[in-house]
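Atoms within a ligand are numbered from 1 in the order they appear, just like the ligands themselves. Numbers for residues simply follow the sequence, beginning at 1.
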Amino acid sequence: MRSAERVAPPGLEARRIEVRGVVQGVGFRPFVWRLAARHGIAGRVRNASGVVEIHAQGSPDALDAFAAAIAEEAPPLARVEFVTWVPVAVEDLRGFDVERSVDGDGDRLVSADAATCDACLAELFDPEDRRYRYPFINCTDCGPRFTIIEALPYDRERTSMRAFPMCDDCRREYEDPGDRRFHAEPVACPMCGPRLTVLGDTTAGDPIATVAERLRDGSVVALKGLGGFHLACDATDEGAVVRLRERKRRPHKPFAVMVSDVDAARGWFAPTAAELDALTSWRAPIVLIAAARSLAPSVAPGFARHGVMLPSTPLHHLLARAAGRPLVMTSGNASEEPICVTNGDAVERLASIADLVLVHDRDVVARYDDSVVRVRSGETAPTVVRRARSFAPTPIDLATDVPPTLGTGALLHGAFCLASGGRAFLSQHVGDLDTEESMAAYREALDRFREVFRIEPEIVAHDLHPDFMTTRFAELLGLPRVAVQHHHAHVAATMAEHGLEGDVLGLAFDGLGLGDDGTVWGGELLVCSAAAYRRVGRLRQVVQPGGDTATRDPIRMALAHAHDAGVFGSAVDRLVAPPALVDVVARQIETGLASPRTSSAGRLFDAVAAIAGACRSASFEGQPAMLLEEAVRETAAAGPPPVMTRLDDGLLELDTRPLILDAFEPGDVAARFHAGLAALITGGAIRAASDAGLDRVVLGGGVFQNDVLTSALTARLTAAGLRVFLPIQVPVGDGGIALGQVLVANATKERI
Ligand code: ZN
Ligand code: ZN
Ligand code: FE
């Protein structure tokens with residue numbers, strides 16, 4: 001320092017500035033270079049071990065302004081966590097250099113995949129631009145990342161762009177710190193980059209035009225996108241949508257719809273300001289939005305809301321414009337299989353579904369579905385429903401550091417979590433984990449995470465359920481294991497996102513999770529910390545006739561709940577239940593044969609949905625509950641008053657019978673049920689919180705995807721002076737449970 005002061009011209013200082021956060025693959029170094037030019041700063045910048053290191057020299061005022069601008073004006077995809085600096089010796093240098101990356105073992109944070117930015121979009125549709133209509137245009141502010149990254153540090157050589165040597169023009173942009181494409185690893189142009197092909201098409205026509213024409217004619221098209229294949233068809237053509245449903249073997253589950261731009265989104269749907277923000281964000285997720293005009297009825301049968309997205313890649317932009325109408329965009333697979341990623345895969349598995357297959361020659365390194373978000377009523381920030389493209393693998397910061405840990409997740413909405421130090425990398429959604437194919441995709445994604453983030457787990461956490469494939473997978477790893485109760489993990493996941501420590505009252509409501517007493521849980525009040533839980537209350541237990549069968553056949557749950565409430569006969573009449581089924585269910589209720597007892601809130605929704613006539617048979621998990629939520633009309637309905645019983649073992653039982661009896665009364669059953677259930681849970685929560693002296697209420701479980709229930713519950717709990725925590729970045733359902741497992745595994749001492 002002293003010697004530096006001697007040689008430095010008066011007023012000249014030097015600082016070593018370090019920037020941490022998401023600073024790789026986001027155009028950070030050229031951004032620093034531009035700032036340096038603006039503030040008259042000399043020096044250099046480089047990426048080292050995931051930290052951006054800057055040597056900067058100039059006047060103290062200029063240096064202060066420069067450092068402040070680094071945090072304030074960071075590029076859109078960057079997330080600056082810390083800017084720190086120390087004074088260093090002034091060197092004899094002029095100008096500002098951008099140096100090569102240095103690999104190290106620090107944070108390995110690269111931005112997730114980002115939707116096409118405005119600048120690239122303008123070039124895409126500019127006839128004068130050399131990338132006019134080029135389906136793979138991108139820059140440092142947008143484009144593919146983890147869908148093409150094989151390893152870090154993030155360099156073209158370690159991505160599937162390796163196969164495309166840059167042409168001279170692209171290289172010039174790539175090497176120019178003043179260019180928007182400086183070190184944009186996937187940079188490409190029509191001369192040097194990936195190309196589209198319509199399989200089996202021998203004409204030399206424009207693939208986009210060919211595909212758009214076939215879409216307008218009612219064809220089903222498979223197209224290779226960013227994280228795998230999509231299946232697309234005209235969303236206004238009922239015949240096309242029905243064909244897609246039949247071939248994909250997906251009878252009811254709503255399809256997402258892609259529209260070309262914001263104007264089209266406003267024309268077909270009625271987005272709120274917050275929904276519009278989510279829709280146009282750099283993540284371009286699927287957003288649940290109310291429809292304004294009718295699409296083909298089979299796009300989302302029975303739903304007023306649609307999953308809507310804007311194009312997230314230049315290819316999708318070109319296609320959406322050329323088609324000139326909303327397109328169904330669903331993952332390229334047969335129902336619930338992993339999404340197809342390779343061209344060969346697509347030919348084999350999608351040939352029977354699609355009339356036409358559009359491919360390109362860049363490999364998809366990691367499978368990513370589209371993400372789904374929802375703006376809850378009264379909120380402005382969207383909540384993640386399905387965490388995939390552009391959300392994963394951005395880490396969640398933990399309140400306490402953990403050793404390298406793997407949480408394997410549960411069964412449905414599979415996702416794992418790999419954590420180390422203060423960061424938890426929750427994987428993208430990998431589908432329901434009930435087949436060998438889906439487990440293969442799961443292992444593949446996990447291997448990629450281990451490679452990319454260099455985390456080798458030392459502890460593995462899994463669900464308590466012994467039969468889940470994720471549990472068996474955990475057993476085979478030969479590591480110290482922790483079996484985590486499902487609902488404890490749900491609550492812990494929410495705690496992890498909010499960095500909550502100590503005891504909380506957890507409300508865990510979902511379809512199913514194995515309890516520590518061998519019964520099926522799903523409507524639970526837990527007093528818990530990350531380390532331990534105590535079940536203090538639950539919904540009243542009923543028989544689940546036929547076990548899993550009941551989840552596809554809500555009539556079974558209606559009969560079981562009606563039997564419990566003493567109105568079995570009325571239920572048989574109301575449901576016009578087939579006599580054979582009534583006999584079977586009656587016997588199962590009596591004997592308990594293959595029929596566990598359950599406190600599941602999901603199954604309660606099934607029962608009421610069937611009684612209310614909202615859903616008689618289900619083709620996907622959660623369908624009855626979703627349709628019952630859709631059926632709500634009255635906003636100010638009151639449900640039956642809550643009834644609770646203190647059982648002999650001290651457990652608080654929330655009585656579901658009044659809700660069932662009320663469901664047989666005329667009027668807006670759906671609205672009264674939601675209000676009644678919210679009141680019942682609130683009643684239980686207030687009592688349990690006061691018994692335990694707690695004021696923090698933490699929600700977890702797929703039932704809280706239901707916005708009508710959740711907003712009513714949150715309002716009531718808040719009015720009672722309780723603080724309510726819901727997850728935002730982490731899915732509230734089983735897609736987030738692996739994060740909770742990681743937290744519990746490191747807080748508890750019980751290893752297997
Ligand atoms: Zn761009
Ligand atoms: Zn090029
Ligand atoms: Fe669950």
Side-chain angles (χ1 to χ4, degrees), residues 25-27 30 75-77 111 113-124 129-131 134 136-145 156 161 164-175 179-182 184-195 282 284 312-314 317 409-415 432-433 463-465 468 470 484-494 506-515 520-524 551 598-603 621-622 625 699-705 727 730-741:
V26 295
L77 300 180
S111 155
D113 297 61
T116 313
C117 73
D118 289 344
C120 285
L121 198 56
E123 289 169 353
L124 181 64
D129 195 272
R130 72 188 191 90
R131 293 188 180 86
Y134 180 57
F136 302 92
I137 187 171
N138 67 80
C139 71
T140 44
D141 294 338
C142 73
R145 297 289 187 275
R156 193 179 182 96
M161 282 304 293
F164 304 94
M166 277 179 247
C167 69
D168 290 347
D169 287 340
C170 285
R171 178 156 299 280
R172 239 191 317 277
E173 294 167 320
Y174 181 87
E175 288 174 352
D179 195 279
R180 200 170 92 249
R181 296 195 168 88
F182 175 70
E185 305 301 338
V187 70
C189 76
M191 300 307 295
C192 66
R195 280 166 208 214
W282 65 267
S312 56
T313 77
H317 275 289
L411 168 71
L412 300 177
H413 316 289
D432 295 348
L433 299 172
D463 198 274
L464 187 61
H465 202 302
F468 286 175
T470 49
V484 182
Q485 200 282 323
H486 189 89
H487 301 94
H488 186 203
H490 268 311
V491 177
T494 308
L507 305 181
F509 284 70
D510 66 357
L512 126 161
L514 181 62
V520 178
W521 292 10
E524 311 306 312
T551 61
T598 183
S599 50
S600 164
R603 299 295 81 80
E621 150 86 21
L699 275 48
V703 162
F704 296 121
Q705 270 173 29
V730 176
V732 75
D734 285 4
I737 209 160
L739 173 66
Q741 292 172 342

Side chain to side chain, His486 and Leu514, heavy atoms closer than 4.5 Å: no
Residues Asp169 and Arg172 bridged, charged N to O under 4.0 Å: yes
SG (Cys139) to the Zn ion (ligand 1) to SG (Cys142) angle, given to the nearest 10 degrees: 120°
Name of the Asp510 atom (N/O/S only) found closest to the Fe ion (ligand 3): OD2
N/O donor-acceptor pair under 3.5 Å between Ser312 side chain and Ala115 backbone: no
The Zn ion (ligand 1): angle it makes with SG (Cys117) and SG (Cys120), nearest 10 degrees: 110°
Cys189 atom SG and Cys167 atom SG as seen from the Zn ion (ligand 2), angle to 10 degrees: 100°
Side-chain donor-acceptor pair present, Thr551, Glu621, cut-off under 3.5 Å: no
N, O or S from His486 under 2.8 Å to the Fe ion (ligand 3): yes
Note, Phe509 side chain near Ser599 side chain (heavy atom, < 4.5 Å): no
Nearest to the Fe ion (ligand 3) - the N/O/S atom of Asp734, by atom name: OD1
Degrees at the Zn ion (ligand 2) between the SG atom of Cys170 and the SG atom of Cys192, nearest 10°: 110°
